[in-house]
Amino acid sequence: MWENIKSFASTFFVTGDPLIYGADVSIVLTMFAIVFVLTKYQKWGWLWREWLTTVDHKKIGIMYLIASLLMLFRGGVDALLMRLQLAFPNIEFLHSDHYNAIFTTHGTIMILFMAMPMMFALFNIVVPLQLGARDVAYPFLNALSFWLFMAGAMLFNISFVIGGSPDTGWLAYPPLSGIEFSPGPGQNFYIWGIQISGIGSLATGINFLVTILKMRAPGMKLMKMPLFSWSVLSSCVMIIFAFPILTVTLALLFIDRFLGAHFFTMAGGGNPMMYLNLIWMWGHPEVYIVVVPAFGIFSEIVATFSKKVIFGYKSMVIALMTIAVASFFTWAHHFFTMGTDASVIAFFAISTMVIAIPTGVKVFNWLFTMFRGRISFQQPMLWTIAFIPCFLVGGATGVMLAVAPADYQYHNSYFLIAHFHQVLIGGVVFGYLAGIYYWWPKMFGFKLDERLGKWGFWLWNIGFYVCFMPQYALGFMGMTRRYYTYGWDMGWAPLNLVSTVGAFLMGAGFIFQVWQIAYSIKHGERDKTGDPWNGRTLEWSIPSPAPMYNFAIEPRVKEADDWWRIKQEKANGTYQEEKIELEPIHMPKNSGIPIIMSGFWFIAGFGFTFEWVWMAVIGLIGVAACMWARSFDYDTDYYIPVDEIKRTEASLGRGV
Amino acid sequence: MAQAMTHHEHGHAHDHDHGHEHHEQLKVLGFWIFVVTDCVLFGTLFATYAVLMHNYAGGPTAKELFELPGIIASTFILLTSSFTSGLAVLAMHKRNVKQMIGWLIVTALLGLAFVVLEVNEFAHLVGEGATISTSAFLSAFYVLVGTHGLHVTLGLFWMVALMIQLKRRGITPVTKRKVTNLSLYWHFLDVVWIFLFTVVYLMGVM
Amino acid sequence: MRARKLPNKVFFWILGIVASILLSGCGNEYLVLNPKGPVAETQYNLIIISAILCGIVIIPVLVITAFIVYRYRDTADNKAPYKPEWAHNTLMEVVWWGIPVIIIALLGYFTVRDVYALKESPNKEVKPITIQVTALDWKWMFTYPEQGVATVNHLEIPVGVPIHFKVSADAPMNSFWVPQLAGQVYAMAGMTTDLWIQADEPGAYHGKGANFSGEGFSHMQFTVNAKPQAEFEEWVQQTKQSADAMTKEDYEKLREPGLTEEITYSSFPKGLFEEIVAKYSHGHPMEGMDHSGHESTDAVQSEHSSHHQMPSTSPSN
């Protein structure tokens, strides 16, 4: 009996590495600390009522934000471990299997559990406020999306200490990721972690699409909608068409592994190349899904900090929607080297280059928004300005990669690695950071400290170029991605060392940002006006942080930059306020079902991961029971009476 | 809730009443978009089936396995259930709860018959040694057809839940919206089946 | 203070790029930029053309960016014009929709031209030889159907002769890459892909697997020894006389996951490569892929079929 338990434990828990034991200890200690603090200050009820069961888009956004920053930390530590291993030739800091697991989790976490939730954080915090809406179209579904994401992220991350991490790359190409070459639960963790959070992402896509189409304030025609909301629309359209493909692809991979089917196996008539096609039919739109909202953020920030209306609004909208459509016709450029027919390669090479056109147009429009403006260099704008050259170079190397015959030389080399990090860090991360700095006062009512922020900014930027410029050169030297070590003979050593230094500079930048947040909670400049940047759109017309119902009176919109218009009119005395009576506000009720249901999803996913059918069945029954309970729950909403609105507004310094 | 309901009955055009009705419409729109995503899901499965449909790997072929008469019977059953679900919606518009529940019961029974026939077919195939791990063709077949069957099964549970709610609450804007969505879902599954019948079974035996 | 810092930063990374380009010109370790054969040279030229075309766009834009950011900074004494409502100019927008279109059209032309060109032998005057490549866990096996010899983890080729590689795998997917001679192509179980290579100078070239294939992936490297025709033939003769023959059992051993040294075999089981391909191509061949799955089913005819194909274009139907 004891022997059985021992042998089970030794396969169940990951053992044998001091790093992992360190992680075990820190996880247990953190959990104890959290439980202790919550119990000591009697905060369990508060946590449950105010956060875990909330359906308020602003709070859900903040939870997304916290989760994504934690994931950024984990993914970043993975990156630093990899760079340490590659700093010198022939070192055995990490073994091959550890290194393989780490690059897999780094990629998966950064895209799916860092970029996606950070994007959803901004969707949630900004979109309803920008549209003049009280909430998203489906607040309950919104909470469910968040908790599904959390369940998936937890399931994926737990593989670090239980069962073993996936180690076949962030897109898990079969046959390597099939049962024959990757037995064990690692790959299942990958499949179910992404699958569960992916359902949440799909639901968010539907939710925000409907929100944007149907919940805009009266008078806000589509062509008067702020560009960030437009970019969210574009992103949601891509989510709706791309994520079901991911769901199917991962399901088929799991069926192969679990039931011995032959979709992607080498034997039995399976076709591994079909997996490559399917996963990139999702995967390529996916990178546009995360980068397009960053374009929206830059559009807002450039206009605000140049104190000038955005240049070429129509072009911007056309470009956003063109990218959404074109992103679905480029997937095969991820495997030009598959030896396909020349005509197929030519088609995908051209279609890939074509995407550069709308993207380039957007850059010109941002530049000419600044042109004849008055640029102030506060933190959001700093990141935006840093983005432009970074993204230009990243975009240019992207076009070079699209030149298919040249791609035969770049493919899977560090040139490719440098390219996509440049567009993903320079585009997505810089963009989201800019957005977080920009909307932070709206979320929390204070600004983030400038001095510490600048340290973070410069360390990130210098670190970025020091880290990734050498990698372009390494690509030309023939260094292939996913090598866990290399010899002295190739001449790769010096540039790798430089690159590692750069990675640590970025890590230092992140530490400064954490410090900045901690410092600003106490000392940050408080925002009493609700409009700390002299903003242009509706979210700046209400107090910071916004009251739970957002707008006491539904705004009546006349122009794209409506808040700017109102401020102008007030300044020159032409503003006419419409007298609108306050009315009770219809609000959704909090619900515990999303978190409970996601808990059951976690149980089901865990059961499938270890192929414990009984556990998976329990989980799925729990999920079904939650859905059933929700269907029978008719008590889902309430009204905030006028008195309460008046009191809230008065306490925020706004007489109504 | 009760308060909100009475507002509806009086048909005020104020924002907050309007808000409620508006929300029900929103949910119908959202469901349409969900159906779009489900289309993409089935489209992907059809694509995998098209790629793998001739990879028999030495196993039985479609021609050897499929028996059209049973499938045609299933098809008629499902088509009829789509029709009866339409009748249920008509009854709803006439505000006749009893008739409505009646037609929903008929629909559910037909759906159940369809699922039973499908399970039967699968069991028969497995009995002949044609399992999901026999060949890529069979993997694709089971997953494509099985996904549709799973959709129908989930629809049955949903239908039962709605019948209970209709019984308890009658025809309200909320139950109305739910039945509208359900019938949309049901018709959608019908359309998917027609494609499935053509691509998998008809083209399989030809 | 801030305005001074920004141009500094722009300057910093322009310097970085310039430095890396300059460096690339001189070092021999920049394999991709030191092509030693016509295929790699075509690719090198494309790299240069695309870099120049991209440079034509982005360098001026970078300069404009620096200029705008500096000139329109928000200081009290800035005399530059300020037009907060200026938001549209059809002519300008047409220009910057137009410029990228032109650049992309140019680049597209070069791309398509070379995509087709690289599907064919780089040197039609010389009779090519065929070498079959099999990716294993974690080693490369090369079989020479015309010479009858086989090698593992090293490749011997004659200089000045186009070589038609037929690439497959008996393991998870990999990618066959010799940076100084040609860009890579995937090695996939159940199908063959084609790659043309020609070395113009004798030498030892670095070759490798470029697609992650599991634990031993980092060690899947091999050397390509290009030597004059006469020396190559001498090597073949010597190998036939002195090396051991590869048996079926030897191959099964090679197939097992693990690392091996360089090995040379005087012969290999007839039709081995075709068998490896046929093993996984059940039913019908993959669409859109190379179609040589057809011919590989009858192993005995393989030598004939590869002769058939030699002068023609790659079997793209």
Side chain, backbone, both or neither of [X] within contact of chain B (heavy atoms, under 4.5 Å):
X: A/Ile239; value: neither
X: A/Met215; value: side chain
X: A/Leu202; value: side chain
X: A/Leu252; value: side chain

So does [Y] get a backbone contact from the side chain of [X], meaning a donor-acceptor N/O pair under 3.5 Å?
X: A/His262; Y: B/Ser135; answer: no
X: A/Lys214; Y: B/Leu29; answer: no
X: A/Tyr138; Y: B/Gly30; answer: yes

Minimum heavy-atom separation for [X] and [Y], please, with both atom names.
X: B/Ala136; Y: A/Gly270; value: CB-N, 3.8 Å
X: A/Leu259; Y: B/Ser133; value: O-CB, 3.9 Å
X: B/Val40; Y: A/Ile240; value: CG2-O, 4.4 Å
X: A/Pro244; Y: B/Leu41; value: CB-N, 3.8 Å

So [Y] and [X], do their side chains get closer than 4.5 Å, heavy atoms only?
X: A/Trp628; Y: B/Val160; value: yes
X: B/Val36; Y: A/Ile206; value: no
X: A/Phe632; Y: B/Arg168; value: yes
X: A/Trp282; Y: B/Thr44; value: no

Should we say atom [atom1] of [X] is surrounded by more than 12 heavy atoms from elsewhere, each under 6.0 Å from it?
X: B/Phe122; atom1: CZ; value: yes
X: B/Lys167; atom1: NZ; value: no
X: B/Phe83; atom1: CZ; value: no

Proximal component of [X], with respect to chain A [non-hydrogen, under 4.5 Å]:
X: B/Lys27; answer: both
X: B/Thr131; answer: neither
X: B/Phe34; answer: both

Out of curiosity, [X] [atom1] to [Y] [atom2], how far, rounded to the nearest 0.5 Å?
X: A/Tyr634; Y: B/Thr175; atom1: OH; atom2: OG1; result: 5.5 Å
X: A/Ile245; Y: B/Thr48; atom1: CD1; atom2: OG1; result: 11.5 Å
X: A/Phe243; Y: B/Thr37; atom1: CZ; atom2: OG1; result: 12.5 Å
X: B/Phe157; Y: A/Met627; atom1: CZ; atom2: CE; result: 11.5 Å

Heavy-atom pairs under 4.5 Å with chain B: which of A/Gly205, A/Ala203, A/Gly260, A/Ala251 has the most?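 With the most close heavy-atom pairs to chain B, the winner is A/Gly260.
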Show, in sequence, the C-alpha distance, side-chain angles and deciding distance for A/Val248 and B/Val143, and conclude whether the side chain to side chain contact (heavy atoms under 4.5 Å, CB included) test is met. CA-CA 10 Å; A/Val248 170; B/Val143 171; over 6 Å; no
Leading residue by heavy atom contact count with chain A [cutoff under 4.5 Å; candidates B/Thr134, B/Leu154, B/Leu138, B/Ile33]: B/Ile33
